[in-house]
Amino acid sequence: MTPSICVYCGSRDGNSPTYSEASEALGRGIAARGWRLVYGAGDVGLMGRVARTVQAGGGDTFGVIPTHLMQLEVGKRDLTSFVVTETMHERKKVMFMNADAVIVLPGGAGTLDEFFEVLTWRQLGLHEKPIILLNIDGVWDDLIAMLHGIVARGFAEQSLLDFVQTAPDAEAALDLLTFG
Ligand code: AMP
């Protein structure tokens, strides 16, 4: 089976070109390795950039979008696989079930929601898929500090920190992944 990388990222570009560059580097890297992109099927912001770059590199794309976001996120219909779900919960489940690892690019509340969902599933022992924060320009420094704070205050085991890997750029993030 082709290794599949679930990418969570902003439906906006953010205010620095660094974020766009990182998302395109990630798309190039996924395609260059012959891996498949799994993502939220939007054609906007960093989401669209990752998908277009994977496509340009000849890679496979698997997108999942709920009906109500089809207009808002401009559902990208020219993906290798395009799945429309009834609800947001179904979308997140289908994305995760079809992925072998998760990489988190810069993003907003939606990206954080997705990250915390798979992190809590990992904490509960429901999966062992790698979760990597692509910490370009230190965008996730506050989040990482917050996770340390949660452990320091006794609200999670130390192991919470082991479930999250960080990488300074796209290639470093992809290099953390090996698939047997
Ligand atoms: P954002 O990081 O807020 O730009 O959102 C990135 C992705 O998360 C987009 O595909 C959104 O549809 C999705 N998203 C936004 N809000 C939520 C939410 N409350 N729950 C789950 N996913 C969301």
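Numbering of ligands and ligand atoms starts at 1, following listing order.
The distance criterion of under 3.5 Å between nitrogen or oxygen atoms is not met by Gly40 with respect to ligand 1. Residue Glu73 has at least one N or O atom closer than 3.5 Å to an N or O atom of ligand 1.
Contact record, Leu46 with Cys9: C-SG, 3.7 Å, taken as the closest heavy-atom pair. The minimum heavy-atom distance linking Ile30 with Leu174 is given by the pair N-CD1, 3.8 Å.
Looking only at protein heavy atoms, the nearest one to atom 23 (C) of ligand 1 is Met88 CE, 3.1 Å. The closest protein non-hydrogen atom to atom 2 (O) of ligand 1 is Thr111 OG1, 2.6 Å. Residue, atom and distance of the protein heavy atom nearest to atom 6 (C) of ligand 1 are Cys9 O, 3.2 Å. Of all protein heavy atoms, the one closest to atom 15 (C) of ligand 1 is Gly110 CA, 3.4 Å.
Near Leu69, the atoms of ligand 1 lying under 4.0 angstrom from a non-hydrogen atom of the residue are 12 (O). Listed by number with element, the atoms of ligand 1 under 4.0 angstrom from any heavy atom of Asp113 are 20 (N), 21 (C), 22 (N). The ligand atoms of ligand 1 that sit less than 4.0 angstrom from a heavy atom of Gly10 are 2 (O), 4 (O). The contact set between ligand 1 and Met47, taken as ligand atoms under 4.0 Å from a residue heavy atom, comprises 9 (C), 10 (O).
If you look at Ala109 next to ligand 1, the close heavy atoms, those under 4.0 Å, all belong to the backbone. Using a 4.0 Å cut-off between heavy atoms, Arg91 contacts ligand 1 through its side chain alone, with no backbone atom that close. Of the heavy atoms in Leu112, none comes closer than 4.0 Å to ligand 1.
More than 12 heavy atoms of other residues, nucleotides or ligands lie within 6.0 Å of CE in Met70, so this atom counts as buried by the packing criterion. Other residues, nucleotides and ligands contribute only 12 or fewer heavy atoms inside 6.0 Å of the NE2 atom of His89. Counting non-hydrogen atoms of other residues, nucleotides and ligands closer than 6.0 Å to CD of Gln123 gives a total above 12.
The existence of a salt bridge linking Asp175 and Arg33 is confirmed by a sub-4.0 Å separation between a basic side-chain nitrogen and an acidic carboxylate oxygen. Salt-bridge check for Arg77 with Asp43: failed, with every basic side-chain N at 4.0 Å or more from each acidic carboxylate O.
Considering CG of Asp13 and OH of Tyr19, their distance stands at 11.5 Å, rounded to 0.5 Å. Atom OG1 of Thr2 sits about 12.5 Å away from atom CG of Leu37, to the nearest 0.5 Å.
Atom 19 (N) of ligand 1 is not flagged as protein-proximal [any protein heavy atom, distance under 4.0 Å].
No donor-acceptor contact under 3.5 angstrom links the side chains of Arg91 and Thr85, judged on distance only.
For Gly45, the closest heavy-atom approach to ligand 1 does not fall below 4.0 Å.
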